[in-house]
Structures are given as structure tokens and as C-alpha cells.
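Working notes, beginning with the structure itself.
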Amino acid sequence: MGNNGVPTYMMIEALNSKGYKGFAISIPSTDELLQIFTIAGPVFLTMMSKVAFYSLLVYFATSMGTQTIAAHQVMVQLFMICAVWGEPLSQTAQSFMPELLYGANRNLSKARMLLKSLVIVGASSGTILASVAASIPWLFPKVFSSDPQVIREMQKILLPYFIALFVTPSILSLEGTLLAGRDLKFISLSMSSIFVFSSILLMLLSSKGLGLSGCWFALVVFQWARFFMALRRLTLSNGILYSEEATQNELQKLKAA
């Protein structure tokens, strides 16, 4: 059984032990399919926007020569490894925010305090991650390559690399809160808009001959646009963290579903 099969089987067995029929198979109704699509559709669009932008970065870097694409692959892989460290912040928001927003003991003040703590932790961990991750190519570049040209290309993008990675954990905490608040339409529309804008910027910077630095500064814009859009949404006076009416309306939608 594959790596995904084992935990799936264990979760089904846990459901069976609590009286649920975990292995029962039934055809979902039209309303259930619509509800699944309403939740999964925006999340899928959000994920695809991120994947598509990273793919565009690789595409433009590929046209810059062997050494440049080698440097880009090293840096983007290191970026992805470090970015994963921010996922627990998103999972924490998705686990604890729903109770504070829509639960029986709903408390928007505590929800705002939780988000503030997550963003602070995100900024702190982002600073540490970005500093460590940027120092490795700077101090020990031969760990990845002995080619002087590859090393130069890697070190050329350390500044945008640091700036993009620094904000990533905070982005994940904000977007996790938006997911917990079921603000799915905003997430999908904002991510799609950011993808389009950042892609156009990437093409413009590449056409100006800025090389790999242009690609990574486009990633900086992509990341910080995500941060500011999510932050602004969550700090609106009529948003899910401040407006009792907004959370009540969403609560009624959840009950109706």
C-alpha cells in the first residue's frame, strides 16, 4: 500500500471504531456535489495559480542558458523546502479559527489575537528561514555547484530570494485564516488577479534583459501582493474578523448547507 494509502486506511478504521461506516460507498446528490465544488473549486484555482506562476518562472529561466537554469533550479528548490515550514501556521488557522468565528463560543476578539500571534510567529520564522537559506548559497555555494557562473547567478538573486521567502510564513497564516472563514471567492479571485499581474510583470522584466534577477523580483511582487491583499481583506471593518453580521451571515450559510 502506498504512502497515502496507509494513513487513509487508518482514518477510515478510526471512523469505523466510532460507529461510522467508513467503507460505505454512496453516490453524492446534486446538492452535495455543488457544495463540494463550491469549496474545492476556489481552492483548486488558487493552487493552480501558484503552480502556473512557478512554472512560468522556470520557463523564462530556461531561455537564459544552462548555468542560469541550473542556478534557478537550486534556488527554487531551496525556496520550496523552506516555504513548507510555514504550512503549520496555515493548518493552525484552519483548525482553530472556525470555532472562534462560527462555533458555539464564537469570539472575534480571540480570533484577531490568534491571527496576530500567527503573523508574528510567521514573521519571526520567516526571518530565520530566509537568513539561513540565503546564507547557504552565499557562504557555501560549492555545496550545490562548483561552476563559477552558476555560483554568480545564485548569489545575484539573494536579495529578492530573501525578501520573497521572508514573507511566506505570514502569507500562509493569513490565507489559512481566509480558508477557515470560508472566504473562498475572494481567495480565488485575488489569486487569479495576482497571477495575471505578476505574469505580465515577469514578461516585461524578462523582455528588458534583467535575467534571473527579473524573474525573482517578479516572485517578490507575487508574494507580497498575496500578503497585502489577504491582510487588507482580514482587517476590513466589515470583514469576518470584525463584523458580527458578516460571521452571522456565513454561519447561516453553513447551517443551510
Side-chain angles (χ1 to χ4, degrees), residues 7 11 35-54 79-103 105-130 133 163-195 198 219-220 222-243 246-247 249-251 253-254 257:
M11 286 189 288
Q35 184 179 356
I36 292 172
F37 178 77
T38 302
I39 297 173
V43 176
F44 176 78
L45 183 60
T46 299
M47 293 180 63
M48 287 305 299
S49 296
K50 289 188 282 187
V51 171
F53 186 72
Y54 291 130
F79 180 90
M80 294 298 180
I81 292 171
C82 295
V84 172
W85 287 67
E87 283 294 336
L89 297 176
S90 176
Q91 296 300 322
T92 300
Q94 293 179 60
S95 298
F96 294 99
M97 281 292 183
E99 176 64 23
L100 297 176
L101 294 175
Y102 309 119
N105 299 316
R106 192 161 49 93
N107 191 320
L108 298 186
S109 177
K110 288 186 177 180
R112 292 192 294 271
M113 289 178 60
L114 174 59
L115 178 60
K116 182 179 179 180
S117 299
L118 291 174
V119 173
I120 292 173
V121 172
S124 302
S125 59
T127 302
I128 296 171
L129 284 170
I163 298 172
L165 183 57
F166 160 73
V167 77
T168 300
S170 297
I171 293 171
L172 294 172
S173 65
L174 294 172
E175 292 181 346
T177 302
L178 289 171
L179 287 172
R182 300 288 290 272
D183 202 350
L184 302 177
K185 183 178 180 181
F186 171 79
I187 294 175
S188 58
L189 290 177
S190 64
M191 183 61 73
S192 300
S193 302
I194 292 169
F195 166 71
S198 300
L219 178 60
V220 169
F222 181 77
Q223 293 292 85
W224 281 88
R226 289 170 60 192
F227 174 79
F228 283 117
M229 290 280 283
L231 181 64
R232 181 181 182 279
R233 181 70 170 185
L234 289 169
T235 53
L236 289 175
S237 59
N238 60 345
I240 57 175
L241 290 180
Y242 289 89
S243 174
T247 53
N249 291 338
E250 186 61 34
L251 183 59
K253 292 180 183 178
L254 292 174

**Asked** Just how far is it from atom CD1 of I187 to atom CZ of R233, taken to the nearest 0.5 Å?
**Response** 9.5 Å
**Asked** Taking T177 for the side chain and A93 for the main chain, is one N or O donor matched with an acceptor at less than 3.5 Å?
**Response** no
**Prompt:** Heavy atoms, side chains only, cut-off 4.5 Å: are L101 and L241 in contact?
**Reply:** yes
**Item:** Which atom of M229 lies closest to which atom of S190, heavy atoms considered
**Value:** CE-CB, 3.6 Å
**Message:** If I take atom SG from residue C82 and atom CZ from residue F166, how far apart are they, to the nearest 0.5 angstrom?
**Reply:** 14.5 Å
**Message:** With heavy-atom distances below 4.5 Å as the criterion, would you say the side chains of L115 and M97 are in contact?
**Reply:** yes
**Prompt:** How many angstroms lie between CG in L114 and CG in L108, if you round to the nearest 0.5 Å?
**Reply:** 12.5 Å
**Asked** With a 4.5 Å heavy-atom cut-off, do L174 and F228 have their side chains touching?
**Response** no
**Request:** Determine the minimum heavy-atom distance between F227 and S170, stating which atoms define it.
**Result:** CE1-CB, 3.9 Å
For a quick test of your reading: what N or O donor-acceptor pairs under 3.5 Å do the side chains of residues 85-92 make, sequence neighbours left out?
| unit_1 | atom_1 | unit_2 | atom_2 | d |
| --- | --- | --- | --- | --- |
| S90 | OG | Q94 | NE2 | 2.9 |
| T92 | OG1 | P88 | O | 2.7 |

**Request:** Find out whether R226 and F195 are in side-chain contact, i.e. whether some heavy atom of one side chain is under 4.5 Å from a heavy atom of the other.
**Result:** no
**Request:** Side-chain contact test, heavy atoms from C-beta onward, threshold under 4.5 Å: evaluate it for F53 versus I194 and give yes or no.
**Result:** no
**Message:** How close do L172 and A83 get, counting heavy atoms only, and between which atoms?
**Reply:** CD1-O, 3.7 Å
**Prompt:** Of all heavy-atom pairs between M191 and F222, which one has the smallest distance, and what is that distance?
**Reply:** SD-CZ, 3.9 Å
**Request:** Please check if atom OH in Y54 has more than 12 non-hydrogen atoms from other residues, nucleotides or ligands closer than 6.0 Å.
**Result:** yes
**Complete:** Exactly one candidate in L179, T46, L178, L189 meets side-chain contact (heavy atoms from CB on, under 4.5 Å) with L184; the answer is L179
**Prompt:** Between L234 and Y242, what is the shortest heavy-atom contact and its length?
**Reply:** O-CE1, 3.4 Å
**Item:** Nearest atoms (heavy-atom pairs only) where L45 meets S192
**Value:** CD2-OG, 3.4 Å
**Prompt:** Is K50 atom NZ crowded by more than 12 heavy atoms from other residues, nucleotides or ligands, each under 6.0 Å away?
**Reply:** yes
**Prompt:** Rounded to the nearest 0.5 Å, how far apart are CH2 of W224 and CG of L219?
**Reply:** 12.5 Å
